[in-house]
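The next block holds one structure in the form of structure tokens; read it before the comments.
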Amino acid sequence: MRRGPPPGGRAGGRVGGPGRARGPCRGRTAALGRHGARRAGEGDMTGGRLWSARRVPSALTACAVLALAGTFLYDITAVRAGHPAMSWRTALARQLATRPLHDPWVLTGATLAALLGLWLVILALTPGLRSLLPMRPVAPPVRAALARTAAALLVRDRVLEVSGVRSARVTVSRRAIRVRADSHFRELDDVRQDVDAALRETVRGLGLARRPAVSVTVRRAARR
Amino acid sequence: MRTPVNRTLLCLAGLVLLAVGCAVLIGGLDLPRRWGFALPSWWSYRGPHDVLLDVRARTRYRKEGWWWPAVIGGLAVLAVAALFWLLAQFRHRGPGRMLVHSGEDGDVVLRGRAMEQALAADAAELPGVLGADALLTGGRTRPRVEMRMLLDRFAGPAEVVSELDGRVLAEARTSTGVDWLPAEVRLQAERHRARRVR
């Protein structure tokens with residue numbers, strides 16, 4: 001059961017003109033614009049990207065705050081109860097009171113703090129999950145994403161089915177799919193046309209929200 | 001799933017670090033004099049010969065009766081909040097419960113675990129799917145589903161998702177009477193060797 005071409009999206013892509021018979025031939029299927037765009041009234045649930053829960057940075061930050069606050073709390077209450085202050089705290093107070101701001105240690109620490117802070121802000125504001133490709137929304141409350149590694153495997157397995165292709169390497173970035181295939185028989189142009197046709201169908205079947213640019217290189221495999 | 005708490009607190013922590021770092025850098029590199037701008041009067045680090053925290057600033061409020069209780073209380077609140085934030089990262093968010101039916105004779109509540117197992121089993125039966133895992137989150141009246149599915153080598157992801165929505169999730173919606181069941185689906189595949197079919 002194959003789904004027809006999605007409404008509003010043009011099926012497949014244009015294959016580059018007949019290329020050279022020898023050497024790397026490139027067919028390029030252009031990116032076909034974005035579809036699966038927001039529909040009115042769906043608000044937050046549009047088929048946009050999935051957002052990371054940001055568990056790891058949250059856990060690390062919480063650990064750091066907990067350790068810092070806990071240590072100070074322990075030592076301050078100990079001092080209030082009549083015990084002597086721990087040596088690190090008196091040393092810290094002395095350092096804070098004597099090191100001028102132009103001291104290299106202070107400047108390095110301030111730079112690191114500012115960069116770490118900037119990074120945390122970026123983590124807080126960006127969706128993350130860059131290894132997942134957002135998929136076209138089928139129905140408003142269902143949002144789906146395809147792992148980039150899974151997309152690469154599916155495309156590779158499909159390209160290997162084309163007769164004449166001996167091996168293929170597929171890299172999937174967030175906007176483009178790049179296929180490098182080695183062919184051991186048949187005319188390279190024929191192989192490339194078959195690979196292009198296979199890719200058109202397969203890439204549509206991936207159901208990605210943003211149609212990726214597809215580039216294909218078919219080369220004559222070295223004789224074994 | 002959007003997690004406003006994590007993101008708000010991360011942003012807050014980041015802004016604090018960024019502000020302190022920038023304040024020290026502005027003073028330490030003597031930027032006001034080099035670049036010719038004036039700092040507001042309340043700014044604490046004014047030049048490269050200032051220190052981070054001098055003795056007078058550190059002991060200024062020591063004589064006040066409220067100082068130590070305020071410091072200890074503030075640190076305690078911070079530590080407890082950080083502890084809860086940390087524990088929230090490891091808490092298993094499911095299984096929640098779903099309110100299936102509510103009437104005068106009482107409510108019918110479906111255990112989240114049962115719902116999860118049914119969803120996962122149904123999803124794993126779909127063509128092109130090797131395995132599936134479902135997690136129910138959200139409250140009893142506003143449930144959400146998070147699913148992970150493992151794809152077969154010749155699956156069509158678009159088809160899998162539409163089948164999931166049209167069959168599995170639709171059945172879950174009708175059988176529980178929840179007409180709005182948001183779902184987040186992640187499709188993955190296991191790495192395998194390239195194999196020529198013919």
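In what follows, every chain begins at residue 1, and chains take the letters A, B, ... in the order their sequences are listed.
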_Can you classify the ring geometry of A/W88 versus A/F72 as parallel (below 30°), tilted (30 to 60°) or perpendicular (above 60°)?_
perpendicular
*What part of B/V20 lies closer than 4.5 angstrom to a heavy atom of chain A: side chain, backbone, both or neither?*
neither
*Interface moiety of A/T71 toward chain B, non-hydrogen atoms closer than 4.5 Å*: neither
*Side chain, backbone, both or neither: which part of B/I72 has a non-hydrogen atom closer than 4.5 Å to chain A?*
both
*Just checking, any donor-acceptor pair under 3.5 angstrom between side chains of A/R186 and A/S163?*
yes
*Among B/G27, B/A79, B/G166, which residue forms the greatest number of heavy-atom pairs with chain A at distances under 4.5 Å?*
B/A79
*What part of B/L164 is in contact with chain A, defined as an atom under 4.5 angstrom from a non-hydrogen atom: side chain, backbone, both or neither?*
neither
*asked:* Please report the interatomic distance CG(A/L132) to CZ(B/R186), rounded to the nearest 0.5 Å.
replied: 5.5 Å
*Among A/A59, A/S58, A/A69, which residue forms the greatest number of heavy-atom pairs with chain B at distances under 4.5 Å?*
A/S58
*Close side-chain approach of B/R144 to B/L181, heavy-atom, < 4.5 Å*: no
_Spacing of CZ belonging to B/F154 relative to CG belonging to B/L151, to within rounding of 0.5 Å_ = 13.0 Å
*Any idea which of A/I76, A/L112, A/D103, A/T149 has the most non-hydrogen atom pairs under 4.5 angstrom with chain B?*
A/I76
*Where does A/T98 contact chain B at under 4.5 Å (heavy atoms): side chain, backbone, both or neither?*
backbone
*Can you tell which part of A/R80 gets under 4.5 Å to a heavy atom of chain B, answering side chain, backbone, both or neither?*
side chain
*If you count heavy-atom pairs under 4.5 Å between each of A/A93, A/A151, A/G70, A/A64 and chain B, which one has the most?*
A/A93
*Keeping the roles fixed (side chain from A/R158, backbone from A/E201), state whether a donor-acceptor pair exists under 3.5 Å.*
no
*Please determine, among B/D54, B/D165, B/V16, B/L169, the option with the most heavy-atom pairs under 4.5 Å with chain A.*
B/D165
*For A/L129, is it the side chain, the backbone, both or neither that has a heavy atom under 4.5 Å from a heavy atom of chain B?*
side chain
*With respect to chain A, which residue among B/L29, B/V24, B/L53 yields the maximal number of heavy-atom pairs within a distance under 4.5 Å?*
B/L53
*Between A/H102 and B/H49, what is the ring plane arrangement, given parallel below 30°, perpendicular above 60°, and tilted in between?*
perpendicular
*asked:* With a 4.5 angstrom heavy-atom cut-off, is it the side chain or the backbone of A/L206 that approaches chain B, or both, or neither?
replied: both
*Test log, rule side chain to side chain contact (heavy atoms under 4.5 Å, CB included), inputs A/Y74 and A/M86*: CA-CA 10 Å; A/Y74 175 80; A/M86 284 193 224; 3.4 Å; yes
*asked:* Checking A/R54 against A/T126: is there a side-chain donor and acceptor pair closer than 3.5 Å?
replied: yes
*Salt-bridge contact B/R153-A/D157 (side-chain N to carboxylate O under 4.0 Å)*: yes
*Using non-hydrogen atoms and a 4.5 Å limit, figure out which bit of B/V71 sits close to chain A: side chain, backbone, both or neither.*
side chain
*Who wins among B/G21, B/A82, B/P48, B/A189 for the most heavy-atom pairs under 4.5 Å with chain A?*
B/P48
*Proximal component of B/D30, with respect to chain A [non-hydrogen, under 4.5 Å]*: neither
*Count the heavy-atom pairs under 4.5 Å between each of A/A62, A/C63, A/G207 and chain B, then report the option with the highest count.*
A/A62
*asked:* Using a strict threshold of under 4.0 Å (side-chain N to carboxylate O), is an ion pair present between A/D75 and A/R89?
replied: yes
